Amino acid sequence: MIKLLEKITTAQNREVELIEMTSNSQDKTVLLIGVFHGDEPQGEFLIRKFIETKKSPCQNKTLIIPCLNPDGKALGIRQNSNGVDLNRNFPTKNRKILEDKHYFCGETPASEVETRFLIEVLEKYKPDFILSLHAPYRVVNFDGDGRAYAEKLSEITGYPVEEDIGYETPGSFGTYAGKERNIPTITLELPEDKSNEDLWEEVKGIFDFCTDEI
């Protein structure tokens, strides 16, 4: 059902994997990403639950990074083990170093191995659509030409669509992929006040939509 395509090793010797699920078509390629931030592990649980429960091949070519930031997850922190917020580390036009170290973007653009890995995935596999799972705001955020997809995911989850998350995000993946590379990019912000199993029941429909209907 799944095939390992690529993997890298982090600073603390943990693996980040890119896997492909069995699919019927190569017409469209979708990319699912979990755990940009180590203190937001819900996405990995949902992705792995989807992999376990999917009984038929996906209609789209489906690529998955279940956990982009395993070091941060192990440490229970937002950043990776170098103290860098991976979602501020991309080489975007609006990149800048913020005073708040919680959002430290790194000394240089794409300084982190996890960031470079994701950039290479985009360049090699050229996804037509990206879904990244975050927490805790319970909204569907989008970058690039993603509003129609965001509205559909809003119908499935009941989460409102928000184009602006409410604060600046220089160097973000959404800006890099969605705005600067014109790949429809959805950031699904999950609530943090529900169990993983309850979250699954609430949002499980998004996976079939992304992998079979886009």
Side-chain angles (χ1 to χ4, degrees), residues 1-10 12-24 28-81 86-87 113-115 117-118 120-122 125 127 129-141 149 153 156-159 173 177 185-214:
M1 193 71 178
I2 64 171
K3 175 174 66 176
L4 177 65
L5 295 179
E6 317 257 357
K7 67 179 179 179
I8 58 166
T9 302
T10 66
Q12 292 192 343
N13 205 36
R14 296 182 179 90
E15 291 185 346
V16 179
E17 295 182 335
L18 174 70
I19 60 178
E20 179 180 2
M21 294 187 69
T22 303
S23 61
N24 286 326
K28 289 187 178 180
T29 299
V30 301
L31 174 62
L32 311 179
I33 308 168
V35 198
F36 249 97
H37 297 133
D39 58 356
E40 300 170 10
Q42 299 94 328
E44 182 181 14
F45 173 86
L46 296 174
I47 284 172
R48 294 198 184 280
K49 183 84 168 181
F50 169 66
I51 293 170
E52 291 170 5
T53 57
K54 181 70 170 175
K55 302 302 183 186
S56 59
C58 301
Q59 293 304 307
N60 296 317
K61 181 174 182 177
T62 300
L63 307 178
I64 301 175
I65 301 175
C67 180
L68 182 66
N69 185 6
D71 288 355
K73 189 183 78 165
L75 296 168
I77 61 174
R78 176 184 178 90
Q79 306 86 351
N80 71 355
S81 56
L86 297 178
N87 204 28
V113 65
E114 300 93 338
T115 307
F117 179 61
L118 189 46
E120 290 167 4
V121 167
L122 297 193
Y125 297 98
F129 171 84
I130 300 169
L131 174 67
S132 181
L133 300 175
H134 287 250
Y137 296 116
R138 197 181 178 275
V139 300
V140 185
N141 175 244
Y149 297 123
L153 294 184
I156 294 169
T157 62
Y159 301 177
F173 178 66
T185 302
I186 301 294
T187 302
L188 184 68
E189 289 273 352
L190 302 156
E192 61 182 357
D193 60 349
K194 293 192 174 186
S195 70
N196 284 336
E197 291 294 345
D198 286 344
L199 274 180
W200 171 250
E201 292 301 321
E202 187 168 88
V203 307
K204 61 184 179 182
I206 66 172
F207 294 103
D208 287 331
F209 172 74
C210 293
T211 62
D212 295 335
E213 298 179 36
I214 284 177

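Nothing fancy with the numbering, it's 1 onward along the sequence. Computed from a predicted model, the values in this text were never measured in an experiment.
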- List the steps and the verdict of side chain to side chain contact (heavy atoms under 4.5 Å, CB included) for T53 and F207. CA-CA 11 Å; T53 57; F207 294 103; over 6 Å; no
When you compare the side chain of [Y] with that of [X], does any pair of heavy atoms fall below 4.5 Å?
X	Y	value
E189	T187	yes
L131	L188	yes
P191	E202	yes
L190	V203	yes
F50	W200	yes
L133	F36	no
T10	N80	no
I186	V140	yes

Under 4.0 Å between a side-chain nitrogen and a carboxylate oxygen: does that hold for [X] and [Y]?
X	Y	result
D212	K54	yes
K7	E17	no
R78	D39	no
R138	E192	no

Atom [atom1] of [X] and atom [atom2] of [Y]: how far apart are they, to the nearest 0.5 Å?
X	Y	atom1	atom2	value
N141	T185	CG	OG1	10.0 Å
K55	E52	NZ	CD	9.0 Å
S132	L118	OG	CG	8.5 Å
D208	Q59	CG	CD	10.5 Å
L122	F117	CG	CZ	10.5 Å
E114	S81	CD	OG	6.5 Å

- Query: Between L32 and L63, does a side chain to side chain contact (heavy atoms under 4.5 Å, CB included) hold up when you go through it step by step?
  - Reply: CA-CA 6 Å; L32 311 179; L63 307 178; over 6 Å; no
- Per the side chain to side chain donor-acceptor pair (under 3.5 Å) rule, which among E120, E6, K61 passes with Y125? E6
Keeping [X] on the side-chain end and [Y] on the backbone end, is there a donor-acceptor pair under 3.5 Å?
X	Y	answer
N69	Q79	yes
E40	A135	yes
T9	N13	no
T29	P127	no

Atom of [X], atom of [Y] and distance for their closest heavy-atom approach:
X	Y	value
I33	I47	C-CD1, 3.8 Å
P66	E44	O-CB, 3.4 Å
I64	L31	N-CD1, 4.4 Å
V16	C67	CG1-O, 3.7 Å
E197	F45	OE2-CZ, 3.5 Å
L153	C210	CD2-SG, 4.3 Å

- Report the relative orientation of the aromatic rings in Y149 and F129; use parallel for angles under 30°, tilted for 30 to 60°, perpendicular for over 60°.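 Perpendicular: the ring planes of Y149 and F129 meet at over 60°.
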- Whether H37 and H134 hold their rings parallel, tilted or perpendicular, with breakpoints at 30° and 60°: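 Ring orientation of H37 relative to H134: perpendicular.
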- Query: Any luck finding a side-chain donor-acceptor pair between N60 and T211 under 3.5 Å?
  - Reply: no
- Message: Looking only at the side chains, is there a donor atom on one of N196 and Q42 sitting less than 3.5 Å from an acceptor on the other?
- Response: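 There is no such pair (donor and acceptor under 3.5 Å, judged by atom type) between the side chains of N196 and Q42.
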- Query: Can you list the steps and then say if L68 with V35 is a side chain to side chain contact (heavy atoms under 4.5 Å, CB included)?
  - Reply: CA-CA 6 Å; L68 182 66; V35 198; 5.7 Å; no
